[in-house]
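As structure tokens, the structure follows; a few thoughts come after it.
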Amino acid sequence: MVTPGSESQEWASSEEAPTVPVRPAGLGVRFAARILDSVIVAIVMFCVLSILGLRDDVFVLIGLTAAVTYGYFVLCESTWGATLGKRLLGLRVTGPATARPSVGQSATRNAFLVVSAIPFLGGVVDLALRIAIAVTIAKSSSKQGLHDRWAGGTQVQHTS
């Protein structure tokens with residue numbers, strides 16, 4: 001459990017909430033965290049696909065990358081409240097009660113990530129969803145995107 005003045009932003013269960021003030025994270029820092037996370041996933045995927053010899057099969061590459069990316073975001077957010085990219089930039093994802101999101105909330109929040117695996121139209125739909133999410137984050141006073149609202153009110157916050 002986090003106590004006032006504590007350096008750690010971890011909490012023992014999804015029922016316990018951090019005692020730090022809520023400061024919603026804006027579009028720019030969230031975008032930077034997404035880039036860091038994309039680089040992390042890309043490096044891991046390159047290594048795994050090279051070892052398995054699957055780098056040349058485009059459909060396997062796209063589908064596996066979408067699945068691994070989705071799993072990475074859901075696992076990290078529901079377990080630690082942040083991905084590695086978000087942690088590096090001092091961000092965390094919270095559920096509606098300021099505890100980290102449940103697996104279901106994180107799965108819903110990140111569902112748009114699997115759209116890219118749809119053959120042929122996936123890239124276009126993925127781009128449209130990302131633009132809609134960015135616009136809704138930028139226009140929201142609470143900095144919640146469309147995906148945050150779909151997930152029942154999750155939010156990305158600064159940890160300090």
Side-chain angles (χ1 to χ4, degrees), residues 1-52 54 60-117 122 126 129-130 132-134 136-137 140 142-160:
M1 182 171 187
V2 176
T3 57
S6 169
E7 295 299 317
S8 174
Q9 295 299 320
E10 298 298 319
W11 50 98
S13 75
S14 61
E15 309 308 317
E16 297 178 22
T19 57
V20 295
V22 174
R23 267 192 11 188
L27 185 58
V29 69
R30 290 172 71 165
F31 182 71
R34 182 67 66 164
I35 289 173
L36 287 172
D37 287 320
S38 296
V39 169
I40 291 166
V41 171
I43 291 169
V44 169
M45 289 303 302
F46 178 79
C47 293
V48 169
L49 293 172
S50 293
I51 290 168
L52 297 176
L54 299 172
V60 170
L61 175 67
I62 292 170
L64 192 56
T65 300
V68 168
T69 302
Y70 180 68
Y72 166 78
F73 277 88
V74 172
L75 177 68
C76 290
E77 289 177 2
S78 63
T79 303
W80 302 301
T83 60
L84 295 174
K86 286 182 182 77
R87 287 189 126 187
L88 287 170
L89 296 180
L91 305 176
R92 70 166 181 246
V93 180
T94 61
T98 68
R100 68 180 166 258
S102 68
V103 172
Q105 288 168 327
S106 185
T108 301
R109 180 179 190 280
N110 291 293
F112 74 94
L113 294 170
V114 297
V115 170
S116 64
D126 178 63
L129 285 171
R130 288 176 189 261
I133 289 168
T136 54
I137 290 169
S140 168
S142 63
K143 302 301 178 200
Q144 290 175 297
L146 190 58
H147 64 315
D148 291 312
R149 294 183 197 137
W150 284 338
T154 59
Q155 187 175 47
V156 178
Q157 301 173 359
H158 290 277
T159 59
S160 55

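Closest of all the heavy-atom pairs between Leu91 and Ala82 is O-CB, 3.5 Å. The minimum heavy-atom distance between Thr136 and Ile133, with the atom names listed, is OG1-O, 2.9 Å. Taking every heavy atom of both residues into account, Ile62 and Ala117 meet most closely at CG2-CA, 3.7 Å. Between Ala25 and Lys143, the shortest heavy-atom contact is O-CB, 3.3 Å. Ser106 approaches Pro101 most closely through the heavy-atom pair N-CB, 4.3 Å. The shortest heavy-atom contact between Thr65 and Leu61 is OG1-O, 2.6 Å.
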Determine, step by step, whether Val93 and Lys86 satisfy the side chain to side chain contact (heavy atoms under 4.5 Å, CB included) criterion, reporting the C-alpha distance in whole Å, the side-chain angles of both residues, the deciding distance to 0.1 Å, and the verdict. CA-CA 9 Å; Val93 180; Lys86 286 182 182 77; 3.6 Å; yes

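Note that the CG atom of Asn110 and the OG1 atom of Thr154 stand 8.5 Å from one another [nearest 0.5 Å]. We find the OG1-CG distance between Thr83 and Asp37 to be 3.0 Å, quoted to the nearest 0.5 Å. Of the inter-residue distances, the one linking Leu84 atom CG with Leu89 atom CG reads 11.0 Å to the nearest 0.5 angstrom. Of the inter-residue distances, the one linking Arg130 atom CZ with Arg34 atom CZ reads 6.0 Å to the nearest 0.5 angstrom. For the atom pair CD (Gln155) and CD1 (Ile137), the distance works out to 10.5 Å, reported to the nearest 0.5 Å. Residue Ser140 holds its OG atom at 8.5 Å from CG of Asp148, rounded to the nearest 0.5 Å.
Look at Glu77 and Arg109 and you find a salt bridge, because one of the NZ, NE, NH1 or NH2 atoms lies within 4.0 Å of a carboxylate O, short of that distance.
Looking at heavy atoms from C-beta onward, Val44 lies out of side-chain contact with Tyr72 at the 4.5 angstrom threshold.
Using modelled atom types, one finds a donor on one side chain and an acceptor on the other under 3.5 Å when comparing Thr94 with Gln157.
Looking at residues two or more places apart in sequence or on another chain, you find a ring pair (Phe, Tyr, Trp, His ring centres under 6.0 Å) between Phe112 and His147.
Among residue pairs with one or both ends in residues 149-160, none qualify as salt bridge (Lys or Arg N to Asp or Glu O under 4.0 Å); sequence neighbours excluded.
Judged by distance alone, the side chain of Arg100 and the main-chain N or O of Thr79 form a donor-acceptor pair under 3.5 Å. Looking at Ser116, its side chain does come within 3.5 Å of a backbone N or O of Leu113 through a donor-acceptor pair.
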